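Right, one structure below, let's go through it.
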Amino acid sequence: MHQAEIIVLLLTAVGVLAVVAHKITLPYPIVFVLGGLALSVAPRLPAVDLNPDVVFYFILPALIYPAALFTSWRDFRRNLRGILLLAIGLVLVTMLAVAWIAHSTVPGLPWAAAFALGAIVSPPDAIAATAIIRRLGVPHRIQVILEGESLVNDATALVALQFAIAALLTGSFSPGYAAGRFVWAAAGGIGIGLLVGVVMRWVQSHLDNPPIQITFSLLTPFIAYLTAEQMHASGVLGTVAAGIFLGWHSPLIITARTRLQVYAFWETITFLLNGFVFVVIGLQLPRILHAWSRESLTGVFISAIIVCVTVISVRFAWMIPGTYLYRVLRSEREVRDPTPSWQHVAIVGWAGMRGVVSLAAAFALPLALPTGRPFPGRDYILFVAFSVILVTLVLQGLTLPLLIRKLRVPRDGETDEEERLARLEANKAALEWIGEARAKSNFPPDAVDRLRAEYDERIEQLEHCADNPDECRGEIATPQYQRLQHQALRVERKTIIRLRNERVINDDALRRIQRDLDLAEARLIGG
């Protein structure tokens with residue numbers, strides 16, 4: 001089977017499994033991984049290798065960048081201390097705990113290889129956390145912390161992994177040098193990412209062509225990531241910095257026409273790459289089991305269970321002192337924020353799913369040392385990394401919705417309220433400008449009156465929903481009003497399709513009108 005046929009097969013599997021996930025209402029990363037496991041035992045299916053270079057230099061930047069691009073800088077900065085306690089403190093503590101367990105349970109495993117395993121399995125995955133949390137309706141602050149953690153923790157883990165591999169290859173380790181390299185990896189990556197963001201902001205501000213602007217948007221994460229890596233800084237932080245910077249400035253430099261297409265483009269890319277990645281994770285099972293006999297597999301299986309329990313337990317154990325430390329370190333502005341409840345802490349503690357970065361890092365381990373000896377414990381590290389990914393994704397991913405329901409944690413509606421307030425202020429400002437335009441006689445009175453009536457209607461709906469949030473359920477209009485609008489749009493659609501079928505209008509005219517109707521319907525759905 002040719003590579004092109006394998007890619008088509010995998011993309012087809014992604015589509016089918018996405019439909020299955022939607023029908024059975026399960027988080028799609030879990031369904032994709034289990035589907036990959038099922039495909040891995042299918043007869044005559046060729047081996048699908050997970051190429052670490054493809055993951056690190058192609059898939060990872062393309063997945064991190066849109067997550068950073070659509071991250072709220074205000075919320076990220078407000079929760080920065082909590083995010084860093086998880087993305088740096090928890091990653092390092094998990095690495096130390098796993099290294100100690102692995103070194104103690106596996107005879108002959110050097111400390112450097114044990115630290116490599118700890119670095120590989122320590123960071124929760126950006127893809128898994130975002131894909132599962134967003135569909136559960138958790139409080140906004142939990143979502144911000146988990147997404148922010150998953151954007152930064154890969155950098156911590158990958159830098160720590162580089163030190164562990166270097167110590168194993170050279171036989172020495174310098175804490176002072178490691179600390180300096182870590183500082184440069186963080187500061188250099190952020191600086192390079194911001195520089196790329198500044199350049200791309202200038203480029204985008206001088207363009208007004210959606211295909212060209214989307215092309216530059218696609219190139220941005222790879223430029224930031226590869227440039228940072230070439231400078232021995234963190235490509236992950238470079239991509240995150242460029243994404244957050246451009247996400248803050250994009251409302252001023254990108255036109256509405258381009259913005260609609262950019263959102264749709266990145267949404268499609270993210271979905272396809274997510275699906276591809278999780279299916280490929282499941283397909284790695286035969287390759288990982290190939291190196292083990294049935295007798296030796298029993299011992300390594302027990303060790304993998306112990307590491308899985310350690311990874312999950314350390315995260316919970318860290319959350320209690322981590323939450324207390326966050327309260328101590330809070331700034332005066334953050335003191336006004338309520339202290340996280342124990343229910344919120346429990347959810348964050350249980351949401352530590354691992355993913356493709358851990359497996360790619362394990363596959364990227366060298367096959368041999370400079371002396372020619374095999375890399376110590378490489379097969380063991382691969383098996384344990386795969387086990388941690390599978391257990392955390394399936395066990396925690398499946399039980400997280402149940403945990404949220406049992407803890408009775410409601411969605412806080414913070415973003416809904418802010419959206420209503422912003423819409424109300426924007427509509428009132430527009431209405432005030434309309435009154436000034438009428439007074440200056442810049443436009444025909446009948447046109448001004450029609451537009452004023454439309455804004456008056458919007459403001460009435462927004463004020464009603466602000467006073468009755470339970471009735472609107474997070475929308476900007478009452479359900480009755482929205483149903484009325486949907487029915488009217490449906491009548492318009494049927495009419496223009498009938499006119500096309502009767503040859504009264506051509507397909508170009510149909511598509512022009514349909515685009516306006518689609519935008520109107522999208523505005524209702526986006527609420």
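The first residue in the sequence is number 1, and the count goes up from there. Quantities reported herein were computed from a predicted structural model and do not represent experimental measurements.
Using modelled atom types, no side-chain atom of Ser313 and backbone atom of Thr310 make a donor-acceptor pair closer than 3.5 Å. Using modelled atom types, no side-chain atom of Thr399 and backbone atom of Leu402 make a donor-acceptor pair closer than 3.5 Å. Side-chain atoms of Gln204 come within 3.5 Å of backbone N or O of Gln213 as a donor-acceptor pair. A donor-acceptor pair under 3.5 Å is absent between the side-chain atoms of Asp154 and the main chain of Pro123, judged by distance alone. For Ser387 (side chain) and Ala304 (main-chain N/O), no donor-acceptor pair under 3.5 Å exists by modelled atom type. Remark: the backbone N or O of Ile142 is not paired with any side-chain donor or acceptor of His344 at under 3.5 angstrom. At distances below 3.5 Å, at least one donor-acceptor pair connects side-chain atoms of Arg181 with backbone N or O atoms of His232. At distances below 3.5 Å, at least one donor-acceptor pair connects side-chain atoms of Gln284 with backbone N or O atoms of Val280. In terms of modelled atom types and a separation under 3.5 Å, the side chain of Gln396 and the main chain of Trp350 share a donor-acceptor contact. When atom types are taken as modelled, the side chain of Thr220 and the backbone of Phe216 share a donor-acceptor pair closer than 3.5 angstrom.
Inter-residue side-chain proximity for Phe363 and Ile288 is flagged as met; some heavy-atom pair is nearer than 4.5 Å. Annotation: side chain of Leu158 is in contact with side chain of Phe56 (closest heavy-atom distance under 4.5 Å). Contact check for Val311 versus Arg354: side-chain heavy atoms found under the 4.5 Å cut-off. Under the 4.5 Å side-chain criterion, counting only non-hydrogen atoms from C-beta, Val388 is in contact with Thr392. Inter-residue side-chain proximity for Val240 and Thr71 is flagged as unmet; no heavy-atom pair is nearer than 4.5 Å. At least one side-chain heavy atom of Pro110 sits less than 4.5 Å from a side-chain heavy atom of Leu168. Two residues are said to be in side-chain contact when any heavy atoms from C-beta on lie closer than 4.5 Å; Tyr225 and Tyr65 fail this criterion. Within the 4.5 Å cutoff, no side-chain heavy atoms of Leu60 are placed close to those of Val356.
In this structure, the separation between CG on Leu85 and CG on Leu80 is 9.5 Å, given to the nearest 0.5 Å. Summarising the geometry, atom CD1 belonging to Ile145 is positioned 10.0 Å from atom NE2 belonging to His140; distances are rounded to the nearest 0.5 Å. Separation of atoms CZ (Phe278) and CG (Leu273) is listed at 11.5 Å; rounding is to 0.5 Å. Here CG of Leu146 is found 8.0 Å from CG of Leu86. Values are rounded to the nearest 0.5 Å. The CG atom of Leu34 lies 7.5 Å from the CG atom of Leu398; values are rounded to the nearest 0.5 Å. Between Leu39 atom CG and Leu285 atom CG the span is 12.0 Å, to the nearest 0.5 Å.
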Intermediate values then yes/no, side chain to side chain contact (heavy atoms under 4.5 Å, CB included), Met95 and Val91 | CA-CA 6 Å; Met95 180 185 69; Val91 166; 5.5 Å; no

After noting the C-alpha distance and the side-chain angles of Val14 and Phe271, does the key distance pass the side chain to side chain contact (heavy atoms under 4.5 Å, CB included) rule?
-> CA-CA 9 Å; Val14 168; Phe271 173 77; 4.2 Å; yes

For Leu218 and Phe265, run side chain to side chain contact (heavy atoms under 4.5 Å, CB included): C-alpha distance rounded to whole Å, both residues' side-chain angles, the deciding distance at 0.1 Å, then the answer.
-> CA-CA 9 Å; Leu218 178 61; Phe265 170 81; 3.9 Å; yes

Derivation of the side chain to side chain contact (heavy atoms under 4.5 Å, CB included) call for Ser303 and Tyr380 | CA-CA 9 Å; Ser303 179; Tyr380 166 77; 2.7 Å; yes

Check the pair Glu147 / Arg141 against salt bridge (Lys or Arg N to Asp or Glu O under 4.0 Å), numbers first and verdict last.
-> CA-CA 10 Å; Glu147 290 182 358; Arg141 190 177 182 185; over 6 Å; no

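Side chains of Ser217 and Trp266: a donor-acceptor N/O pair is present below 3.5 angstrom, by distance only.
The heavy-atom pair separating Ala178 from Phe163 by the smallest distance is O-CZ, 3.3 Å. Of all heavy-atom pairs between Asn274 and Phe32, the closest is O-CD1, 4.5 Å. Heavy-atom minimum distance, Ile389 versus Ser358: CD1-CB, 4.0 Å. Taking both residues in full, the closest heavy atoms of Thr227 and Ile192 are given as CG2-CG2, 3.7 Å, listed atom of the first, atom of the second, then distance. Between Thr239 and Pro221, the shortest heavy-atom contact is OG1-O, 3.6 Å. Across Gly189 and Ala233, no two heavy atoms sit closer than the pair N-CB, 3.4 Å.
Surrounding CH2 of Trp111 are more than 12 heavy atoms belonging to other residues, nucleotides or ligands, all under 6.0 Å away. More than 12 heavy atoms of other shown residues, nucleotides or ligands fall within 6.0 angstrom of atom CZ in Phe316. Around the CZ atom of Arg74, the shell of radius 6.0 Å holds more than 12 heavy atoms that belong to other residues, nucleotides or ligands. The number of heavy atoms from other shown groups lying within 6.0 Å of CZ (Phe70) is above 12.
A salt bridge links Glu149 with Arg315: the distance from a Lys NZ or Arg NE/NH1/NH2 to an Asp or Glu carboxylate oxygen falls below 4.0 Å.
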